[in-house]
Amino acid sequence: MSKTISDMPTAYDAGAIEPGWYARWESANLFTANPSSPKPKFTMCFPPPNITGELHMGHALQTAIYDLIARYKRMTGNEVLFLPGYDHAAIATQNVIEKQLAREGKTKEELGREAFDARVEAWYKSVGATIINQLRLLGASMDWSRLRFTMDERYVHSVMTAFVAFYDRGWIYRAPRIVNWCPHDQSAISDLEVKWQEHHDTLYYIRYPIEGGGEVVIATVRPETMLADTAVAVNPSDPRYRSMVGKNAILPLVGRKLPVVVDDAVEKDFGTGALKVTPGHDPMDYDIGQRHGLDVINGMHLDGRMNVPGLPYDGLPALEAREKVVHDLKAQGYLVKEEPYTHEVGHCDRCDAIIEPLISDQWWLRMEKMRDKALDASEAGKVRWHPERYERTYLDWLHGLRDWNIGRQLWLGHRVPVYYCKNGHRTVAVERPTECPECGNREIQQDPDVLDTWFSSALWPFATLGWPEETEDLRAFYPTDMNCTAREIINLWVSRMIMTGIEFMGDVPFSDVVIHCQVQASDGRRMSKSLGTGVDPRELITKYGTDALRAWAASVAMSSQDVRFDETRVEGYRRFCNKLWNGAKPVLRSIGDGPVPNVPEPDDLELIEDRWILSRVASVQREITQGIEEFAFQDSINAGYGFIWNEFCDWWLEASKDRLRAGDETAQAVAIFCLDNAIRMLHPFMPFVTEELWSRLPGERDFVMRAAWPEDLHHYVDGQAEVEFERLMDIVNQIRSYRKTVPGAPAKGGAVKLFSENDADWTRALSMLGQVAVIDDLPPGKELALTEGSIVFPAVAAVDPAVTAKKRTELQKDLDRVQAKLDNPEFRAKAPEQVIAEQEARAEELRASIDRLG
RNA sequence: GGGCGGCUAGCUCAGCUGGAAGAGCGCCAGCUUGACAUGCUGGAGGUCGGGGGUUCGAAACCCUCGCCGCCCACCA
């Protein structure tokens, strides 16, 4: 490859550089993990995106984080498996396809099961390909030879095995219970899939007569459910209703007798303090019903229509039934009053339909044993959370864990491996039996239910590696190391992976859980396609390049809980790529085809700027490394950015241009040393521009992707040089400020006199960077104060008194504050000695400066 | 109803264990300085959400109030 810079365009062009490198990495097989490598293993199973469509900002952010860690871990000597995949996302994908059908004026029922399945298959193919392409575009160094899909034959086998294993442990059972029923999807969903939205409804107060006289008034927002009431409940300590307990209330419109029971769940202060109990249509009522052995009446069909045979409301949709019930109550004098009422109503997370709690026969998974082991693992500190606070989110949820409704009544998903013969015998088996093991009957039917999509993703960290087979991959790569995801799926996904990992593999699936921030739209709303607030990562990549997007992602991912998207920050990292690109050019030009300069030893460095910049490299090496190790990626990218832009380019390059032009070997060596290290350290964040530049550095260069991470450079740390050079920068900044603010001051030239002894090298550097002469005695003229010296500009006959006055005011203000502190006897008595000394020195400095202003 | 996070320059955000208010973008002024105008130099701009407290000293620690956002929760 050419080492010349003639083919380096003035501006860095990500679009021209990026695609080529991905192909080269891939064909060099750099992403493929070797299970028999002697290196330590580092494994990450990428959270499989739902196969519902394009990748969004959250995915881009997550991919950037995963990939930076993958690259860092390779460079630090690990055999890295970064395993990609995607998720069939049963209910979500079914909804996407149903919406498509709806646009075509069709329903899945019209289409039929077979055609629907074919459609789903086609969807998998096209969207799966899209997802893979987008991950490549993001530069994700994933092991494509191990790509997994939750609907692959092998994965399905893992899922079936897990189901059977749970069943054999006696943890899976089928029972009718109250569930969250989605009338649109015609399926049960879990509590975690219910989203609560505020509704403005009406609270109806209804009179229930008491048998033998009296009445009780009850408040409800869902009067239609009263048709399925089986009791009235009051708080045991409520004196108002004590006399009614044990009697019967008469259900209006129906006439059924309802026992009046007492239960602690009833709030005395809400409504009238009396509750109608509808065990078939309210989770709390269901529990009360269980405690009191109440009848359960199923008052609604699965499609949301009333199921009250013999009553005029039978067959009506719930809302129509409500109107009619209210109308009739009013007509018959049972309605006491109505008042507006705001409350939360459950909606289906995927289709937004209002959830109807109702009784349904479902498959349940007992969680106690797994929950307890997960708690033990947490106790033992086996999973570290970043930020730590999210561990509590997880633990709180575990503590309140109930049995998991794993069955779904969908068309799309893993079919439950439960089979029934014609004689009603049940068989639970990984493979479909050809005949009933009990009676030999060969007419076998599979249970129609499918599994909650989270059931299969719960197995991700080991099912992807071949479980239940004892594969080489499983032995080599389990447990994995890190899982990075959004906080909203801590309970849905992370917790369940931990539980199943411990259960089936005997160990937690990963040691670190990293929860990244949520990217909001710039106005603070949620980024979502339906709101039109989404930002397409591909557009950003087109405009700014993948590297810029990734560097931005690293800079925000762990910095706070939420981040409002700010495109100018992505643009800022594009400029950073450009800066790095251009900063390298004078160095490459200087070296040309010449010999590769040796890395300088600290003792061989003479010039202050060289000692300083190498000391800075050493610090930055530590900061970037530490940032990654501690999952504080913003610290890493900030350190890299500041080093390249504000230290290497702004100061060192400016100070060293002449030497580079002259072919000075030390300058070349220092420059290459800086670039070599910086490029390697920035590679995980900006893989493309760094790979391109690396290939252009002198000498034989393999991929930076498999270069070694920069070793600790502490022997280059030179505290003295840093202090001295900071002094120098400070004085240069003061000089530049005068040049711009003092009328008539020249852009270069003038003379400074310093009040302290400085070595010749330092003086030389100051003179060069400040564009001034450094002399022992100032020529006649108006002196301007520097913190430790004075400057005179020949062209300035008299300094504008306003400039001096303004400066003096500034200094005086500072001095007053410091002096006030020093004059406080308490401060002198109680502050640490060092702080007092600092303040005194500062006061001294300020006073001197003010004096010199004359 | 419980819990968590945020409120710092016009905007988006840094400021970790309390000792001189920061960056990027935007704005103003000046620069075709042979790496970069995706640039360089300078500048304006903040009583760190309000109120208490702890401390010699608080943007940082404690209490409290107020918004904004998230998570969990069986009050009809």
Side-chain angles (χ1 to χ4, degrees), chain A residues 5 8 10-12 178 191-192 196 203-204 218-222 225 233 265-278 282-288 341 343-344 357 387 389-390 392-393 396-397 400 487-488 490-491 517-518 520 522 524-526 544 548 555-556 559-569 571-589 632 634-635 638 641-642 646 649-650 653-654 657 660-661 733 736-741 747-748 771 814 817-818 821 824-832 834-836 838-839 842 846:
Chain A
I5 68 156
M8 286 179 78
T10 297
Y12 175 65
I178 194 151
D191 292 346
L192 290 172
W196 296 88
L203 191 58
Y204 300 92
I218 279 159
T220 178
V221 274
R222 301 176 66 208
T225 64
V266 181
E267 296 284 335
K268 281 186 286 188
D269 300 334
F270 188 86
T272 61
L275 175 71
K276 65 191 254 323
V277 183
T278 320
D282 184 280
M284 181 172 119
D285 292 9
Y286 181 80
D287 288 347
I288 294 175
Y341 183 61
H343 64 142
E344 302 267 294
R389 67 183 127 90
Y390 287 115
R392 252 191 66 196
T393 304
D396 286 352
W397 186 73
R487 62 177 178 276
E488 62 184 3
I490 288 174
N491 297 329
C517 77
Q518 191 123 46
Q520 303 174 330
S522 54
R525 286 188 295 169
R526 205 184 172 79
Y544 308 111
S555 78
V556 300
S559 61
S560 65
Q561 184 164 287
D562 298 301
V563 164
R564 290 188 178 198
F565 181 66
D566 179 5
E567 191 167 327
T568 67
R569 287 185 66 181
E571 191 185 356
Y573 286 106
R574 177 186 64 166
R575 292 188 193 166
F576 179 49
C577 292
N578 186 60
K579 192 71 181 176
L580 181 61
W581 176 257
N582 279 297
K585 282 198 286 197
V587 179
L588 299 178
R589 177 174 295 149
Q634 66 282 5
D635 292 350
N638 287 344
Y641 184 104
N646 306 118
C649 290
D650 285 354
L653 259 190
E654 289 304 326
K657 273 178 178 174
L660 286 174
R661 270 188 220 115
N733 287 335
R736 285 175 178 166
S737 176
Y738 277 134
R739 292 194 194 285
K740 291 282 185 181
T741 53
K748 55 173 79 170
Q771 300 277 295
D814 269 5
R817 199 171 39 208
V818 175
K821 207 180 248 192
N824 180 350
E826 299 247 49
F827 173 74
R828 285 203 160 325
K830 293 180 182 169
Q834 196 199 330
V835 174
I836 298 174
E838 270 170 24
Q839 296 299 319
R842 186 163 152 67
L846 288 166

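Residue numbering restarts at 1 for every chain, and letters A, B, ... go by the order of the sequence lines.
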Problem - Closest nucleotide among B:U12, B:A35, B:U41 to the A:Arg564 side chain - result: B:U12
Practice task
Could you work out the separation of B:A23 and B:A9 based on their P atoms and round it to a whole Å?
Solution key: 14 Å
Handout entry: Atom pair distance, as rounded to whole Å: NZ in A:Lys821 and C1' in B:G18
Key = 11 Å
Name the pairs: protein N/O against N/O of nucleotides 69-76 of chain B, kept only if under 3.5 Å.
unit_1, atom_1, unit_2, atom_2, d
B:G69, N2, A:Gln561, NE2, 2.9
B:C70, O2', A:Arg487, NE, 2.8
B:C70, O2', A:Arg487, NH2, 3.4
B:A76, OP2, A:Tyr341, OH, 3.2
B:A76, O2', A:Ala219, O, 2.9
B:A76, N6, A:Glu267, O, 2.5
B:A76, N6, A:Phe270, O, 3.0
B:A76, N1, A:Glu267, N, 3.2

Exercise for the section: Measure the distance from CZ on A:Arg575 to P on B:G24 and round it to the nearest whole Å. Expected result: 11 Å
Practice task
Whole angstrom is fine here: how far is it from CG in A:Asn824 over to C1' in B:U55?
Solution key: 11 Å
Exercise for the section: Figure out the CZ/C1' separation between A:Phe576 and B:A35, and round it to whole Å. Expected result: 15 Å
Exercise for the section: Once you apply the 3.5 Å cut-off to both distances, tell me the Watson-Crick or G-U wobble partner of B:G5, or none. Expected result: B:C68
Completion exercise
Output for pair (A:Ile178 CD1, A:Asp287 CG), nearest 0.5 Å, gives 8.5 Å
Problem - Spacing of A:Glu654 atom CD relative to B:U33 atom C1', expressed in whole Å - result: 8 Å
Report, one pair per line, the protein and nucleotides 21-23 of chain B atoms (nitrogen or oxygen only) whose separation is under 3.5 Å.
none

Problem - Assigned partner base of B:C61, Watson-Crick or wobble definition, under 3.5 Å - result: B:G53
Between the protein and nucleotides 7-9 of chain B, which nitrogen or oxygen pairs come in under 3.5 angstrom?
none

